[in-house]
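Structure first, commentary second.
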Amino acid sequence: MIRDARVLQPEFVPGDIVHRTQEVRALSNALEPVTRGQTGETALLHGPSGSGKTCIARFATDRLRETVLDLTTQYVNCWEDYSRFKTLYRVLEGVDRTLNIHRQSTPKDELLERLREYDGPPYVVILDEVDQLEDTRVLYELYRTRGLTMVLIANREDALFGPLDDRVASRLRAATRIGFDCYTVDELVGILEPRVERGLREGAVTSAQLAMIADAAAGDARVGIEVLRVAARRASNQQLDSVSDDAIRNAVPEANAEIRQRNVEMLTADQRIVYEIIADREEVTPSELYAAYRERADDPKTNRTVRNYLQKMERYNLIRADGENRGRSYSSVL
DNA sequence: CCTCCACTGGAAGATCGGGAAG
DNA sequence: CTTCCCGATCTTCCAGTGGAGG
């Protein structure tokens with residue numbers, strides 16, 4: 001039943017963008033100087049998750065590479081590489097300058113040195129989830145790199161500006177800003193349709209079912225694609241040649257559980273204890289939580305460290321923190 | 001109104017761990 | 001082998017916040 005699983009992967013970039021033509025054009029304009037060997041304008045793509053920011057950034061840079069012979073591009077996910085070191089490392093990796101850097105290879109900041117020395121062809125770097133950077137100095141350092149053009153992606157524009165250095169903030173205000181809105185149900189169907197055509201056997205999913213998926217995804221293309229993928233895989237495992245309505249309904253919580261499971265696996269043993277305490281109960285106050293943690297953990301970490309864990313888990317969308325200060329309580333997401 | 005205090009999260013410094021140099 | 005280095009992680013300290021209860 002599955003013909004081409006690749007098009008059901010979340011990171012698949014379609015060869016042709018059905019919606020978002022306006023946004024593609026705006027981004028291409030910002031990058032246009034690159035075609036003349038110059039540095040492009042910094043672009044800032046912002047909007048809710050699953051609204052096509054990453055996809056459009058990749059699409060535009062891929063297309064740019066088709067027209068510009070001598071061009072390097074790199075994608076960096078700042079959520080995964082949130083420290084300054086890791087981000088710089090990835091950027092250098094894109095131009096093969098990481099040889100022999102394993103951590104402490106001589107001077108204090110070898111990475112920055114190498115970046116300064118960069119003298120190659122135009123280089124376009126996509127920084128996804130850029131609001132997750134813990135040290136925004138790296139943005140300034142990238143701004144100062146010759147021939148480097150940045151495409152920044154953030155969920156919320158204002159969350160990015162908050163902790164910024166003045167020098168970076170002023171440059172960022174001059175950036176080309178491109179806003180993205182949630183997809184409508186029709187648009188989502190339009191995104192899923194070509195994937196079904198290429199990825200699945202004919203008639204495996206009806207258009208009414210696509211509308212069901214689109215509706216459940218609430219404007220988030222990533223969720224929609226994940227639901228489609230889970231439902232198709234399930235049907236395929238059962239040797240069916242089409243997807244039932246029930247399979248789709250079941251796939252919605254399963255797709256969410258899968259995302260959550262992946263995040264839980266990234267936690268350390270101590271973090272997982274904290275997560276499980278929260279998951280076990282409806283709602284828990286900070287002091288109850290820490291007391292329970294101390295009881296279960298051998299060699300427990302300090303209260304402050306547990307608070308860092310909680311922040312991290314909140315960012316991973318594993319838990320929710322309600323209220324402020326004294327009124328704070330933690331609960332697990334679904 | 002004021003005081004108390006549970007809670008948050010920033011800053012700075014200590015510690016851990018792994019790779020390289022001596 | 002030991003020593004040094006450095007990023008990541010953890011602790012210590014603390015200022016700020018706002019609800020509870022005089």
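Every chain is numbered from 1, with letters handed out A, B, ... down the list of sequences. Excluded from the calculations below are hydrogen atoms, water molecules and symmetry mates; all remaining heavy atoms, backbone and side chain alike, are included.
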Atom-to-atom span, [atom1] of [X] to [atom2] of [N] - whole angstrom:
X        : N      : atom1 : atom2 : value
A:Glu80  : C:dA8  : CD    : P     : 14 Å
A:Asn308 : C:dT11 : CG    : P     : 10 Å
A:Arg84  : C:dA8  : CZ    : C1'   : 14 Å
A:Asn303 : B:dG9  : CG    : C1'   : 12 Å
A:Gln271 : C:dC10 : CD    : C1'   : 12 Å
A:Glu134 : C:dC10 : CD    : P     : 13 Å
A:Phe85  : B:dG19 : CZ    : P     : 13 Å
A:Leu310 : C:dT9  : CG    : C1'   : 16 Å

Are [X] and [N] close enough that a side-chain N or O sits under 4.0 Å from OP1 or OP2?
X        : N      : value
A:Ser287 : B:dC7  : yes
A:Tyr82  : C:dA8  : no
A:Tyr89  : C:dC6  : no
A:Thr302 : C:dT11 : yes
A:Ser83  : C:dA8  : yes

- When you check the side-chain N and O atoms of A:Tyr293 and A:Asp270, is any donor under 3.5 Å from an acceptor?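 There is such a pair between these side chains.
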
- Query: Is there a donor in the side chain of A:Arg304 and an acceptor in the side chain of A:Asn308, or the other way round, less than 3.5 Å apart?
  - Reply: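 Yes, A:Asn308 and A:Arg304 have a side-chain donor paired with an acceptor closer than 3.5 Å.
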
- Message: Any base atoms under 4.0 Å from A:Tyr290, or only sugar-phosphate, or nothing? Heavy atoms, all strands.
- Response: nothing

- Task: Describe the nucleic acid contact of A:Arg328 in one word from base, sugar-phosphate, nothing, applying a heavy-atom distance below 4.0 Å.
- Result: sugar-phosphate

- Message: Quick check: do A:Cys55 and A:Arg20 have side-chain heavy atoms less than 4.5 Å from each other?
- Response: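 With C-beta onward as the side chain, the pair stays apart.
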
- Heavy-atom side-chain contact between A:Leu148 and A:Val91 under 4.5 Å: yes

- Identify, between A:Asn325 and A:Arg304, the residue whose nearest nucleotide on DNA chain B lies closer to the 5' end.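 Taking each residue's closest nucleotide, the earlier one in sequence belongs to A:Asn325.
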
- Message: Once hydrogens and angles are ignored, does a donor-acceptor distance under 3.5 Å link the base of B:dC5 to the side chain of A:Arg326?
- Response: yes

- Message: Any N or O donor-acceptor pair under 3.5 Å from the base of B:dG10 to the side chain of A:Arg307?
- Response: no

- Return the nearest nucleotide to the side chain of A:Lys86; candidates are C:dA8, C:dG18, C:dT12.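 Taking heavy atoms from C-beta onward, the closest nucleotide is C:dA8.
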
- Task: Give the nucleotide from the list C:dC10, B:dT8, B:dG10 with an atom nearest to the side chain of A:Pro286.
- Result: B:dT8

- Query: Hey, any chance A:Tyr290 and A:Tyr275 share a hydrophobic cluster, counting ILVMFWY side chains that come within less than 4.5 Å of each other, even indirectly?
  - Reply: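 Cluster IDs for A:Tyr290 and A:Tyr275 match.
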
- Task: Give a yes/no verdict on a cation-pi contact between A:Arg6 and A:Phe12, requiring under 6.0 Å between NZ or CZ and the six-membered ring centre and an angle within 45° of the axis.
- Result: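 That pair does not qualify as a cation-pi contact.
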
- Query: Closest nucleotide of DNA chain C for A:Gly327 versus for A:Lys312: which of these residues is on the 5' side?
  - Reply: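 By nearest-heavy-atom nucleotide position, the 5'-most residue is A:Lys312.
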
